[in-house]
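What follows is a single structure, written as structure tokens, with notes after it.
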Protein chains: 4
Amino acid sequence: MSEQDKSTLHSMTEELSEAENMTPKQIKILEAAIEIIAEKGYSATSTSEIAKRAGVAEGTIFRHYRTKKDLLISIVKPIITHFSAPFFAKKFVKEVFQDTHTNFEDFLYAFIKNRFEFVKSNIPLLKILLQELAFHPEIQGTFKKVFMEKIYPAINRTLTLYKEKGQIKDLPNDTIIRMMAPTIIGFLITRFIVQPDKEWDDEAEIKETITYIMNGIGK
Amino acid sequence: MSEQDKSTLHSMTEELSEAENMTPKQIKILEAAIEIIAEKGYSATSTSEIAKRAGVAEGTIFRHYRTKKDLLISIVKPIITHFSAPFFAKKFVKEVFQDTHTNFEDFLYAFIKNRFEFVKSNIPLLKILLQELAFHPEIQGTFKKVFMEKIYPAINRTLTLYKEKGQIKDLPNDTIIRMMAPTIIGFLITRFIVQPDKEWDDEAEIKETITYIMNGIGK
Amino acid sequence: MSEQDKSTLHSMTEELSEAENMTPKQIKILEAAIEIIAEKGYSATSTSEIAKRAGVAEGTIFRHYRTKKDLLISIVKPIITHFSAPFFAKKFVKEVFQDTHTNFEDFLYAFIKNRFEFVKSNIPLLKILLQELAFHPEIQGTFKKVFMEKIYPAINRTLTLYKEKGQIKDLPNDTIIRMMAPTIIGFLITRFIVQPDKEWDDEAEIKETITYIMNGIGK
Amino acid sequence: MSEQDKSTLHSMTEELSEAENMTPKQIKILEAAIEIIAEKGYSATSTSEIAKRAGVAEGTIFRHYRTKKDLLISIVKPIITHFSAPFFAKKFVKEVFQDTHTNFEDFLYAFIKNRFEFVKSNIPLLKILLQELAFHPEIQGTFKKVFMEKIYPAINRTLTLYKEKGQIKDLPNDTIIRMMAPTIIGFLITRFIVQPDKEWDDEAEIKETITYIMNGIGK
DNA sequence: AATGAATGAGGATTCATTCAT
DNA sequence: GATGAATGAATCCTCATTCAT
């Protein structure tokens, strides 16, 4: 697995701390914040609780993040970026366009597998994103931008390509996306948030999901 | 449209106030609470803001609802109940089992149409439910109970029936549900929450959704 | 036992309601108020709690008592009056001055016995008086007035008489009172408030108390 | 006067602040709380009033004491402890048992004198203790514990010793205590709480009190 | 960089009291 | 007389944030 691959998969918490030059305390703060906010929601989480869990003084948080909201943003923005990363990673592009996956089904498998691992490694972060997206225009803005500029075009190109290859139905891309997206996202949410404790046969589930999608949009 | 039908569709806010003997102020409080909580989330909503919007004194809220959480619960519980209502309404059962809808596709259409209208009339309520479900065990409990005791059995019976009729694939019911549910729910969320302002051709969307589902699970 | 005697002994709660023309609800309110205030103190007792315990609406209290404090006063004032009653009851005076009790010891016994029964029948009322005396100037005023005008003169006369009879030491009355009072009051407080649940041999305790007092001030 | 002696006498307010490492504001809070609670009672005292009198923000109170009740407890507990201190102080024990006071009267004088000074230096604290003892089980518990484990045994030993020495009557210790205690406590309450403003000849009063007690229980 | 005491605005909730019915 | 809905000031307490050390 290439370096790049890894970076789109493994836990962002670790990454955050590597990337920027963070003090150990700052990392503790981030970790504590993610844990608690994922559990109780941003508004219901107090900075003092974060400080306590992180083992730092209350003031320390504000040394690193001007406001509580800043802390939220600096948790949420990187996930958005990372979430979109594979869509314009060289590898992604190459594979799709250079026949590494000759058929759509293989591509779908690789894609779902990749996002599955990403979600698996970042459940609390994504829970936070999912919840707070609803309430914070800044986050919505960032998300929309990334989606419109990165994710949507990449998917568009990919779908067009496979349509040209004659492997999927000749529906408008938007329609295809509106069908596929809930199926994949719904699976991931069910798997990791609604029923995380159930014993899942992940491989089988992924394959069934692909079959369902292929029935819906495949030729 | 029968009386019964209506009761599963139209706005619950009205209904709440009709059912119980509420004072005008109490209704104002409920309406204001629903509006603001849907917009900002439960935790970020202050009782003083609710009071102001409702045009009552802050103390009045606590005369009707012992705590802020009580207010939330009394907003959320009825939606859960109402959401499940059609699944065990006589009409629902009759239609499904007495050949009113002879084929699954017709049934699906009627069902999605019905839930579509319900969601349309109760967006803020459902937004609140969706958000707060994540944080309040009491709500989770109520939801799980209604789902396991009412919704799930009804769907199960229906699917079994149509499988016997040979109209849908012979997959395990759970698998079918896991496929259909995100497709339908995903459509409704996209339609009413993610992109409520887009100009939608609802009839066309519903039909496409049905086609997609039928491709996935139909024979 | 004469009518008059009884009136200085039995529970004042009953009496209050007989005396004035009170509605049943008002009596309920008084009873509830006495119970709760004795238990938690005036300040910590809410009118709504009183209303609930009394089984009346919140507003009803204020129909009978202009303010919460009025309610306290109308509980406390009668006890003060009643507490002082025997000191100027005809019988008290007669007995002391007309040789019914020829010696001080007999008088003391009759006196302590009488006050013992009074306290026994009015514990909650007296608890309230004891507690609230400290904080409410109005109550202090009433108490001082009754004490200076009724109780103190009566005791004074009595002590002087028995001094003349040569049955008690020739100490200043004030000194005698300062010795006797805590002994008697201390006994009653210990008996009914500090250790009400202990098994007491009341007769023996009273006699010991008298002996102790007589040793201290008797000749 | 030895260091030890002093610690059983002088104002506890000072001591509290020396002992623990308190910030100046915390001391101010304690002082203000003691003043106001002694005057109006715990329940009738608001934290905002305490804050105002202490010259701090209301929030500051809760930084030092988790709840208002915590504040009360941390005022009241130390008095209980200090009140009992002399009973098991080395000096107390030594003097009693090693013939420093050969007779009971001298011992009584020293004892009353010592407690007299303690009360004099801690009137507000003791007022609070006296009032709130009635309503707070925690305080009652602490008090009972200290009394049963420290004060009562010490007094018991002392009385037994003096009985053996033949200086006091051969009554049960409990009886002796029930006589002496109200006499001494009653004197202190009259002196400092009931009539603090009267001009007292303290030395004379103490001697009279002793005489009274000795008549009652002395041989 | 880190602390933690201090703040004061704002939080939910309670309260005594009023008033239309 | 009695009700109970309504009030809004006041209650205890929490919060994000600041600042001197």
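Naming convention: chains lettered A, B, ... in sequence-line order (proteins, then strands); numbering from 1 in each chain.
Both C:K68 and C:R63 lie close to DNA chain E; mapped to their nearest nucleotides by heavy-atom distance, the more 5′-ward contact belongs to C:K68. For D:R66 and A:T67, each mapped to the nucleotide of DNA chain F holding its nearest heavy atom, the one lying further toward the 5' end belongs to D:R66. When each of A:K25 and C:K69 is assigned the nucleotide of DNA chain E bearing its nearest heavy atom, the one mapping closer to the 5' terminus is A:K25.
Both cation-pi conditions hold for C:K68 and C:Y42: the charged atom is under 6.0 angstrom from the six-membered ring centre and inside a 45 degree cone around its axis.
Under a 4.0 Å N-O distance rule, the pair A:K77/A:E138 does not qualify as a salt bridge.
One atom, CG of B:L71, and another, P of E:dT13, lie 10 Å apart when rounded to the nearest Å. Computed from coordinates, the A:I29 CD1 to F:dA16 P distance equals 14 Å when rounded to whole Å. The CD1-P distance, from A:I61 to F:dA16, rounds to 9 Å in whole Å. Regarding B:D70, its CG atom lies at a distance of 13 Å from the C1' atom of E:dA12, rounded to whole Å. Separating the CD atom of D:Q26 from the P atom of E:dA6 is a distance of 8 Å, rounded to the nearest angstrom. Between C:Y65 atom OH and E:dC15 atom P there is a gap of 20 Å when expressed in whole angstrom units. Rounded to an integer number of Å, the gap from C:F62 CZ to F:dT7 C1' is 13 Å. Between A:I50 atom CD1 and F:dA16 atom P the separation is 8 Å, expressed in whole Å.
Considering OG1 of C:T45 and NZ of C:K40, their distance stands at 6.0 Å, rounded to 0.5 Å.
Checking F:dT7, E:dA6, F:dG4 against the side-chain heavy atoms of D:T60 singles out E:dA6 as nearest. For B:E58, the listed nucleotide lying nearest its side chain is E:dA12; candidates were E:dA12, F:dA6, F:dC13. Ranking E:dT13, E:dA5, F:dA2 by closeness to the D:H64 side chain, first place goes to E:dA5.
Considering only side-chain N and O atoms, C:T47 lies under 4.0 angstrom from the phosphate OP1 or OP2 of E:dA16. Here D:T23 reaches the OP1 or OP2 of E:dA6: one of its side-chain N or O atoms lies under 4.0 Å away.
Counting heavy atoms from C-beta on, the side chains of A:H64 and A:T23 come closer than 4.5 Å. Side-chain contact between C:V76 and C:L125 is absent, with no heavy-atom pair separated by less than 4.5 Å. Considering only heavy atoms from C-beta on, B:T142 stays 4.5 Å or farther from B:I73 through its side chain.
Across all strands, B:T45 comes closer than 4.0 Å only to sugar-phosphate atoms, never to a base (heavy-atom distances).
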Open item on the list: Dot-bracket for DNA chain E, please. Rules: Watson-Crick or G-U, both distances under 3.5 Å, ( ) within the strand, [ ] when a pair crosses earlier ones, | for another strand, . otherwise.
Closed with: .||||||||||||||||||||
Name each donor-acceptor pair under 3.5 Å that joins a side chain in residues 50-60 of chain B to protein atoms two or more places apart or in another chain, with its distance.
| residue | atom | partner | partner atom | Å |
| --- | --- | --- | --- | --- |
| B:R53 | NH1 | B:E35 | OE1 | 2.3 |
| B:E58 | OE2 | B:T47 | OG1 | 2.9 |
| B:E58 | OE2 | B:S48 | N | 3.3 |
| B:T60 | OG1 | B:A57 | O | 3.3 |

